[in-house]
**Student:** 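Quick one: the structure is below, questions incoming.
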Amino acid sequence: MSSHPTNESWFRTQPVLWFLLAIAVPGGVYAGSGIVFGGQSRERAVLIGITFGLVFAVTTAVLKDALGR
């Protein structure tokens, strides 16, 4: 049995949570790598990470809507 239908319905029933996760996960990874590997200050890395996460989440949402998924 595939878990894909369960995940699909979860994303459709929890759009706000999905959007927040789509911001937090890539933004957090980007900020963490900026701190660890780039030597950036925490404030700057978090600001850039949040911006990256927002752009990622909005782009993903627009593409999902345009493709009808």
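All residue numbers refer to positions in the sequence shown, counting from 1. Values in this document were obtained by computation on a predicted structure and should not be read as measured data.
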**Student:** I'd like to know if Ile48 and Ile23 are part of one continuous hydrophobic network [Ile/Leu/Val/Met/Phe/Trp/Tyr, side-chain heavy atoms within less than 4.5 Å].
**Tutor:**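 In one cluster with Ile23: Ile48, no.
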**Student:** Using the side chain to side chain contact (heavy atoms under 4.5 Å, CB included) criterion, which residues pair with Ile35? Sequence neighbours excluded.
**Tutor:**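 Per chain and number, Ile35 pairs via side chain to side chain contact (heavy atoms under 4.5 Å, CB included) with Arg42, Ala45.
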**Student:** Among pairs that include at least one residue of residues 32-67, which meet ring-ring contact (aromatic ring centres under 6.0 Å, His included), considering only residues two or more places apart or in two chains?
**Tutor:**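 Pairs touching residues 32-67 that pass the test: Tyr30-Phe52.
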**Student:** Once you round to the nearest 0.5 Å, how far does CG of Leu20 lie from CH2 of Trp18?
**Tutor:**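 Result: 10.5 Å between the selected atoms.
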**Student:** Grouping I, L, V, M, F, W and Y whenever their side-chain heavy atoms are under 4.5 Å apart, do Val62 and Val55 come out in a common cluster?
**Tutor:**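 Per the 4.5 Å side-chain linkage, Val62 and Val55 are not co-clustered.
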**Student:** Roughly how far, to the nearest 0.5 Å, is the CG atom of Asp65 from the OG1 atom of Thr60?
**Tutor:**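 With rounding to 0.5 Å, OG1 (Thr60) is 12.5 Å from CG (Asp65).
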**Student:** Under 4.5 Å between side-chain heavy atoms, hopping through other hydrophobics if needed: is there a path connecting Val46 to Leu54?
**Tutor:**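 Yes; Leu54 is reachable from Val46 via cluster members.
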